[in-house]
Participant: 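I'd like to ask you about the structure that follows.
Everything numeric in this text was worked out from a predicted model, so none of it was measured. Below, chains carry the letters A, B, ... as their sequence lines are ordered, and counting in each starts from 1. Heavy atoms only: backbone and side chains are in, while hydrogens, waters and symmetry mates are out.
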There are 2 protein chains.
Amino acid sequence: MTTRDPQATALARLAGLIADETRAMCLLALLDGRAWTAGELARHAGVADSTLSEHLCRLVAGGLLAEERQGRHRYVRLADARVAQLVEDLAAQVGPADRAVRPRSLRESSAGSAMARGRTCYDHLAGRLGITVTDALTARGLLEQETGFALTDAGLAWFEAAGIGLERRGRRPLARACLDWTERRPHLAGVAGAALCRHALDAGWCVRIGSERAVKVTATGERALFDLLGVDAAALR
Amino acid sequence: MTTRDPQATALARLAGLIADETRAMCLLALLDGRAWTAGELARHAGVADSTLSEHLCRLVAGGLLAEERQGRHRYVRLADARVAQLVEDLAAQVGPADRAVRPRSLRESSAGSAMARGRTCYDHLAGRLGITVTDALTARGLLEQETGFALTDAGLAWFEAAGIGLERRGRRPLARACLDWTERRPHLAGVAGAALCRHALDAGWCVRIGSERAVKVTATGERALFDLLGVDAAALR
DNA sequence: CGGATCCTTCGGCCGCCGCCGAAGTGTCCC
DNA sequence: GGGACACTTCGGCGGCGGCCGAAGGATCCG
């Protein structure tokens with residue numbers, strides 16, 4: 001009673017925001033980096049609109065989500081890359097979703113394996129696709145993984161040559177490791193990871209499947225990844 | 001009801017373990033990297049022994065803590081470096097403790113500023129001390145922070161020359177950034193951070209103050225840090 | 001052996017919080 | 001304007017979980 005620790009209070013409050021299955025489902029869904037409407041999230045989580053509305057209020061008040069009102073819609077997305085990283089870290093800690101182990105239905109099963117093949121992780125690539133690209137960068141000496149996690153000079157040049165701009169803004173690190181929860185290995189995140197993902201989508205290297213986080217590599221993408229990084233297309237399947 | 005997502009369930013459950021002020025106080029206290037007895041934690045948190053005992057059971061069952069029974073004592077510590085990192089990340093997200101801003105008492109105030117000067121963060125150095133060392137490593141070209149966070153070749157040689165062994169075991173990264181919650185900037189963690197901290201304590205560069213996480217740089221330490229890294233002693237005060 | 005210490009189990013209390021449906025507000029479209 | 005739509009507010013319900021104190025092991029020490 002008398003000895004309240006403000007840091008502990010804040011920590012508990014932050015964790016409390018995530019410590020609810022419905023809110024957790026929302027945060028995981030929002031890891032696709034896009035904005036969802038309140039109604040979409042309610043249907044996704046399987047609760048009443050009213051219930052989800054309250055959850056959103058708490059998440060926004062807690063600084064985890066940013067909202068944008070447009071007409072009668074309330075769009076909501078993860079507040080920033082820091083929050084995304086936090087959710088990713090927590091998700092990685094609990095391990096791969098059981099869904100991959102014992103799928104309930106064919107639809108979930110195929111959705112699960114599509115997610116395992118390739119997906120976005122907030123704003124960068126993840127799944128087998130993300131790991132493959134990260135490994136290829138490392139094998140070519142563009143990314144240092146032995147002594148930490150950083151782009152090499154050759155790596156900076158590679159991004160330059162590929163026409164992928166790396167904007168240094170704020171304190172976000174250029175390269176950062178994000179633990180992949182299907183592969184259990186780190187993949188490239190940070191400014192470089194985001195730029196690479198954005199370029200991959202813009203240049204048609206991969207396209208989103210369905211309405212969630214899964215992505216699929218196109219024929220164009222296979223060629224580009226082979227030409228630029230020597231990635232064998234078979235590794236992506 | 002029908003659409004339970006196992007990953008969301010696990011995520012919520014993990015967060016739920018942290019989402020209690022008493023348990024949060026325990027986790028933060030255990031960030032000193034040492035083992036505490038159940039009774040110590042109970043007094044620290046200001047709750048009954050019985051209450052804390054239950055909390056410990058949940059934390060151990062949830063995999064956040066490891067326990068070791070010795071006679072009538074139950075020693076408990078953070079399960080591993082991953083858990084420590086998780087707690088650190090969450091703590092960094094909520095920002096510096098208000099205690100630094102508006103101290104309640106002289107004792108807390110001086111304890112707070114000692115923590116801000118230098119402390120351990122699970123198994124590596126943090127606070128102004130940690131930041132100063134990290135900056136010195138970076139300034140000397142031993143640590144790369146521009147394009148990520150990794151030791152350079154010169155950095156590996158420096159550790160070798162200083163007689164600080166870097167054991168590569170498991171998948172723990174050699175160098176990793178840990179966000180400092182007093183300085184709001186990254187400091188060196190990972191295998192290298194742990195080895196450096198251990199060496200600093202073993203060699204008498206710094207000593208623990210009181211029973212918590214704060215450490216103080218000794219005269220020996222000031223000399224060593226100046227000789228090896230060119231650190232100005234004034235920066236540590 | 002007896003007392004002290006440390007921890008755990010149990011029962012009971014209380015408050016918080018997630019849930020819903022119904023009613024209300026604001027926005028869009030025809 | 002009127003109706004459909006998206007979201008919010010409110011009241012009420014139910015359950016979970018944190019808290020305590022008392023009692024019950026377990027261990028150590030003299």
Participant: Going by an N to O cut-off under 4.0 Å, is there a salt bridge joining B:Arg34 and B:Glu40?
Facilitator: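 Answer for the salt bridge query: no.
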Participant: Give me the ring orientation class for B:His187 and B:His124: parallel if the planes are under 30° apart, tilted from 30 to 60°, perpendicular past 60°.
Facilitator: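 B:His187 vs B:His124 ring planes: tilted.
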Participant: Do the side chain of A:Arg82 and the main chain of A:Arg172 share a donor and acceptor less than 3.5 angstrom apart?
Facilitator: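 No, the answer is negative, given that no donor and acceptor are paired below the 3.5 Å cut-off.
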Participant: In whole angstrom, give the distance that lies between atom CG of A:Leu17 and atom P of C:dC17.
Facilitator: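 After rounding, the gap between these two atoms is 11 Å.
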Participant: Determine whether B:Thr182 and B:Arg119 satisfy the following criterion, side-chain hydrogen bond (donor to acceptor under 3.5 Å, both in side chains), listing intermediate values before the conclusion.
Facilitator: CA-CA 11 Å; B:Thr182 44; B:Arg119 64 180 182 277; 3.1 Å; yes
Participant: Taking N and O atoms by type only, does the side chain of A:Arg72 place a donor or acceptor under 3.5 Å from a partner on the base of D:dC7?
Facilitator: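 Per atom types, no contact qualifies.
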Participant: Does CZ belonging to B:Arg168 count more than 12 external heavy atoms closer than 6.0 Å?
Facilitator: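 Correct, the count exceeds 12.
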Participant: Walk me through whether B:Thr120 and B:Arg208 qualify under side-chain hydrogen bond (donor to acceptor under 3.5 Å, both in side chains).
Facilitator: CA-CA 9 Å; B:Thr120 53; B:Arg208 292 192 184 274; 3.2 Å; yes
Participant: Measure CZ/B:Arg43 against C1'/C:dT5 and give the value in whole Å, please.
Facilitator: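 To the nearest whole Å, that distance equals 11 Å.
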Participant: Could you tell me whether a side-chain N or O of B:Thr132 sits under 3.5 Å from a main-chain N or O of B:Leu236, the two making a donor and an acceptor?
Facilitator: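 Here the side-chain-to-backbone pair does not exist.
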Participant: In a table with atom names and distances, give each donor-acceptor pair under 3.5 Å that connects a side chain of residues 67-74 of chain A to protein atoms at least two apart or in another chain.
Facilitator:
from	atom 1	to	atom 2	distance (Å)
A:Glu67	OE1	A:Arg74	NE	2.7
A:Glu67	OE1	A:Arg74	NH2	2.9

Participant: Go through residues 47-58 of chain B and report each residue with a non-hydrogen atom lying under 4.0 Å from DNA chain D, sorted by number.
Facilitator: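 B:Val47, B:Ala48, B:Ser50, B:Thr51, B:His55, B:Arg58, in order of number.
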Participant: A:Tyr75 OH to C:dT27 C1': how many Å, rounded?
Facilitator: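 The distance from OH of A:Tyr75 to C1' of C:dT27 comes to 13 Å, rounded to the nearest Å.
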Participant: Starting at the 5' end of DNA chain C, which residue's closest nucleotide do you reach first, A:Gly71 or A:Asp20?
Facilitator: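 It is A:Asp20 whose nearest nucleotide is closer to the 5' end.
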Participant: Can you measure A:Glu21 atom CD to D:dC16 atom C1' for me and round it to whole angstrom units?
Facilitator: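 Taking atom C1' of D:dC16 as the reference, CD of A:Glu21 is at 15 Å.
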Participant: With a 4.0 Å heavy-atom cut-off, tell me which residues in residues 60-69 of chain B come close to DNA chain D, sorted by residue number.
Facilitator: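 Residues of residues 60-69 of chain B under 4.0 Å from DNA chain D: none.
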Participant: Over how many whole Å does the gap from A:Glu40 atom CD to D:dC5 atom P extend?
Facilitator: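 Value for this atom pair: 16 Å.
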Participant: Is it the case that the side chain of B:Asp80 and the backbone of B:Val83 share a donor-acceptor pair, with hydrogens and angles ignored and the cut-off at 3.5 Å?
Facilitator: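 Checking the backbone N and O of B:Val83 against the side chain of B:Asp80, a donor-acceptor pair under 3.5 Å is found.
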Participant: Just to confirm, is there a sub-4.0 Å distance from OP1 or OP2 of D:dA6 to any side-chain nitrogen or oxygen of A:Arg74?
Facilitator: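 No, A:Arg74 has no side-chain N/O under 4.0 Å of OP1/OP2 on D:dA6.
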